[in-house]
Amino acid sequence: MESFLSSISSFMKMIPDHRPKDLDKLIRPKCRVLHFPIQFPHVTSRPEVLRSPVEEEKEGLLSLSSPPAPKALSLSPEPEAAILDQREGTGQAEAPSHPREERGPGGGKEEGDGGGEESHVRPLHIVWPHRWEHDKDPELFFKMLLKLKERGLGFQLSVLGETFTDVPDIFAEARVDLNAHVLHWGFMPSKEDYLHVLCQADVVVSTAKHEFFGVAMLEAVHCGCYPLCPKALVYPEIFPEEYLYSTPEQLYKKLQGLCRRPYVVRRHHVKVDTSSYSWAALKEDFRSLLAYKEDHHP
């Protein structure tokens, strides 16, 4: 919104005649930001278990009004919600805003405090859930991972998202160069499979050069991932400073540190309230905005 309003004045100067004065000041009071509504999945402690609400209701395991069954990832009913697909994040059903709180001490994934054996055995799991196109800057992402590999740092990798006719060459090159680290590669066959991977991952990375909102990043955060985003585009409006990087060097240092201490993110509560971007929270705003108001028409 700010980029639009701040550009009006310079744009109007390009028009040869009829230049309304202070147009931005006239428009600003009428402007508001209404975020895209996301239908989030319900996430608890065991991502390998997943049932649809229909299956749960049929089997008498979960009524529509009862709390979710423990240790499961399920889709709760939201018939009015818009369902997205994995192309820019998979829209799912509503859930608590901090799903990792049910996963173990401090909201992590049953990880110790840094002294346990598992924190040394299980490498950091990095996920990249974006379209395979140049505007997502996969070149930068894979460059960072190759540097981690060259330094001998352990990590696991899941590269998700949809491909189109022209896939950047870097994906084929990275698939070979990073093969030993790859857990998942490519578009997942189902929404449930996609969510499973997000639940299993530790860190979600964006290297986007172009982003209006970032549904996939918020979904991953909701599933318990620690976000790393550019300090640009829409990200500073959503994510606190600690999750942002300004340069490739900063991104690399953050990833390097997390590879060395994966338990840090597994115990971390991400300071983003995903529920505020949910359909449940925003639907009344949309209804009010789009409602037919008879008194506005003669």
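Residue numbers start at 1 and run along the sequence shown. Hydrogens, waters and symmetry mates are skipped; everything else that's a heavy atom, side chains included, is used.
- By the 30° and 60° cut-offs, the orientation of the rings of Y235 relative to F239 is tilted.
- Hydrophobic clustering keeps F142 apart from V176 (ILVMFWY residues linked when any side-chain heavy atoms are closer than 4.5 Å, directly or through intermediates).
- For the pair R122 and P262, the minimum side-chain heavy-atom distance is 4.5 Å or more.
- Across L258, D202, L255, a single residue satisfies side-chain contact (heavy atoms from CB on, under 4.5 Å) together with I126, and that is L255.
- The two residues I15 and H18 come nearest to each other via the heavy atoms CG2-O, 4.5 Å.
- Ring geometry for H35 against Y277 counts as perpendicular: the plane angle is over 60°, on a 0 to 90° scale with 30° as the lower cut.
- Between Y245 and Y252, the gap from one ring centroid to the other reaches at least 6.0 Å.
- To the nearest 0.5 Å, atoms NE2 (H184) and CD (Q156) are separated by 8.5 Å.
- The ring-ring contact (aromatic ring centres under 6.0 Å, His included) test with W132 singles out one residue from F187, W185, F164, and that residue is W185.
- Using a distance-only test at 3.5 Å, with no hydrogens or angles considered, no donor-acceptor pair links the side chain of S288 to the main chain of D285.
- Rounding to the nearest 0.5 Å gives a distance of 10.0 Å between OG of S7 and CG of D24.
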Q: Mind running side chain to side chain contact (heavy atoms under 4.5 Å, CB included) on K271 and Y243 for me, showing each step along the way?
A: CA-CA 9 Å; K271 301 177 180 66; Y243 308 119; 3.7 Å; yes

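- The two atoms that bring V127 and C225 nearest to each other are CG1-SG, 4.2 Å, heavy atoms only.
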Q) Can you check side chain to side chain contact (heavy atoms under 4.5 Å, CB included) on Q250 and K231, steps first, answer last? A) CA-CA 11 Å; Q250 288 182 3; K231 191 175 181 179; over 6 Å; no

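- Residues T207 and P138 come closest through the heavy atom pair OG1-N, 4.4 Å.
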Q: Could you walk me through whether L251 and V205 pass the side chain to side chain contact (heavy atoms under 4.5 Å, CB included) test, one step at a time?
A: CA-CA 9 Å; L251 173 59; V205 178; 4.3 Å; yes

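- Under the 4.5 Å side-chain heavy-atom criterion for grouping Ile, Leu, Val, Met, Phe, Trp and Tyr, M144 is not connected to L183 through any hydrophobic cluster.
- For the residue pair L218 and T274, the shortest heavy atom distance occurs at O-CG2, 4.0 Å.
- Clustering ILVMFWY residues whenever any of their side-chain heavy atoms sit less than 4.5 angstrom apart, transitively, puts V182 in the very cluster that holds L148.
- Taking all atoms of both residues into account, the shortest heavy-atom contact from P129 to L198 is CB-CD2, 4.4 Å.
- I170 has its side chain within reach of E173: a pair of non-hydrogen atoms, C-beta onward, lies under 4.5 Å apart.
- Without hydrogens or angle criteria, K149 side chain to F155 main chain gives no donor-acceptor distance under 3.5 Å.
- Under the 4.5 Å side-chain contact rule for hydrophobic residues, F212 and I238 do not share a cluster.
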Q: Starting from the C-alpha separation in whole Å, work towards a yes-or-no answer on side chain to side chain contact (heavy atoms under 4.5 Å, CB included) for V159 and F171.
A: CA-CA 9 Å; V159 178; F171 285 96; 4.1 Å; yes

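- Across C223 and L195, no two heavy atoms sit closer than the pair SG-CD2, 4.3 Å.
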